[in-house]
Number of protein chains: 2
Amino acid sequence: MRPKEEIILENYIAEKGFKRGAQRKGIAEIFLSTEKHLSAEELYALAKKKYPSVSFATVYRALKVLCGCGLCRELRFDDGVSRYEHLYGHEHHDHLICTVCGRFVEVTDNAIERLQTKLFKRHDFIPQRHRLDLYGICDKCGKKRRAD
Amino acid sequence: MRPKEEIILENYIAEKGFKRGAQRKGIAEIFLSTEKHLSAEELYALAKKKYPSVSFATVYRALKVLCGCGLCRELRFDDGVSRYEHLYGHEHHDHLICTVCGRFVEVTDNAIERLQTKLFKRHDFIPQRHRLDLYGICDKCGKKRRAD
DNA sequence: TATAATTATGATAATCGTTATCATAATATC
DNA sequence: GATATTATGATAACGATTATCATAATTATA
Ligand SMILES: [Zn+2]
Ligand SMILES: [Zn+2]
Ligand SMILES: [Zn+2]
Ligand SMILES: [Zn+2]
């Protein structure tokens, strides 16, 4: 957890009148030091290592706090499972997802972004947000597949 | 239900060795004659009018058959509820969604499509599919909001 | 057309990811 | 340290969807 992230989290907890729970802090540290788009279940598995008696509820509660203070964002993918990604130091981006190994690549294409804005306007919509998920087979998995 | 859609459905049922159930057929007709991105619950409500004793299970089963024969596609949006859209006679498209009234607009932008393909290549991915959801406020809802 | 075999249907239970509840433990305030 | 309030873990509840099972409808067979 970077110092600035810690400050954001601490400030949020303070202004909400929360108290400092060890598990929540630890889960936040684990989450923020893992550069992956973790699911609640994956984060729970990591948290278990540090806190063997930790509950699923505590993991979900920690994620809610992280989302609340803007350090985290919930993304619901096509399998119906929510995954959580870091927001601090991450510009807006879309996702390339390997359908074989599940690898996530964060991508941005300014030309696409501009065309999306035009698309909103063309249909008289006030833009709010968008979501672009690109599913395919990554280099590594493609090579492996060709070798078999 | 268009004649060609009916043939596709009937052929699928025949080749799978299914039988012709009245409710399933009726639900398929209701779905295919409603040009909306219905949820299972919405379709169930419509089906109830024609078959007051119809079950939710039958609606889900009918949707599964419709998806199986390629007349329908399941789309899971950010609220976690699946919606189903017609595939027959519908080219690939993305969705503009009004966050106020829930209106769906099917859109396609060939320039965006091409740039997506490039994006796949740039990251050494074999393209499979993508999903672009654009959320905003539609013209009607925007005017209404300004009037208030 | 009767009969047998098999699928369709409706009621309901089960599932899965997530959230709510509640008793107890930890933390903060005084 | 006493008091008040939040954090935590265990577990129940939830909502959307799927599975199970008994019965009804359909198809195949005779
Ligand atoms: Zn891969
Ligand atoms: Zn991301
Ligand atoms: Zn609208
Ligand atoms: Zn559509």
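In what follows, every chain begins at residue 1, and chains take the letters A, B, ... in the order their sequences are listed.
D:dT17 atom P lies 13 Å from atom CZ of B:Phe77, rounded to whole Å. Between B:Lys25 atom NZ and C:dA8 atom P the separation is 14 Å, expressed in whole Å. Nucleotide D:dT27 holds its P atom 17 Å from the CD atom of B:Glu15, rounded to whole Å. Distance NZ (A:Lys64) to C1' (C:dA20): 11 Å, rounded to an integer number of Å. One can place CG of B:Leu38 at 13 Å from P of D:dT17, the figure rounded to the nearest angstrom. Whole-Å rounding puts the B:Glu10 CD to D:dT26 C1' distance at 13 Å. In this structure, the CZ atom of A:Arg76 is 11 Å from the P atom of D:dT17, given to the nearest Å. For the pair B:Phe56 CZ and D:dT20 C1', the interatomic distance rounds to 19 Å; values are reported in whole Å.
Nearer the 5' end of DNA chain D, as judged by each residue's closest nucleotide, is the contact made by B:Val81, out of B:Gly21 and B:Val81. Between A:Lys19 and A:Tyr60, the residue whose closest nucleotide on DNA chain C is further toward the 5' end is A:Tyr60. The 5' end of DNA chain D is approached more closely, in terms of each residue's nearest nucleotide, by A:Ile13 than by the other of B:Ala40 and A:Ile13.
Dashed line: the shortest gap from a side-chain N or O of A:Arg20 to OP1 or OP2 of C:dT27 is not under 4.0 Å. Under 4.0 angstrom from either OP1 or OP2 of D:dG9 there lies at least one side-chain N or O belonging to A:Ser53. OP1 and OP2 of C:dA8 both lie 4.0 Å or more from every side-chain N or O belonging to B:Gln23.
Out of D:dT6, C:dT6, D:dT11, the shortest distance to the side chain of A:Phe18 is found at D:dT6. Closest contact between the side chain of B:Val54 and the listed nucleotides C:dG10, D:dA10, D:dA16 involves C:dG10. Listed nucleotides: C:dG10, D:dA16, D:dG9. Nearest to the side chain of A:Ser55: D:dG9.
The residue A:Ser82 sits close only to the backbone: its heavy atoms come under 4.0 Å of sugar-phosphate atoms, none of a base. At the heavy-atom level, A:Arg61 lies under 4.0 Å from base atoms of the strands shown.
The aromatic rings of B:Phe120 and B:Phe125 are tilted relative to each other, their planes meeting at an angle between 30° and 60°.
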| field | Stepwise salt bridge (charged side-chain N to carboxylate O under 4.0 Å, His left out) check, B:Arg146 with B:Asp148 | value | CA-CA 6 Å; B:Arg146 282 190 293 276; B:Asp148 294 342; over 6 Å; no
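Counting non-hydrogen atoms of other residues, nucleotides and ligands closer than 6.0 Å to CZ of B:Arg122 gives a total above 12.
Using a 4.0 Å cut-off between charged side-chain N and carboxylate O, B:Lys25 and B:Glu6 make a salt bridge.
Only one option out of A:Glu42, A:His37, A:Glu74 pairs with A:Tyr84 in a side chain to side chain contact (heavy atoms under 4.5 Å, CB included); it is A:Glu74.
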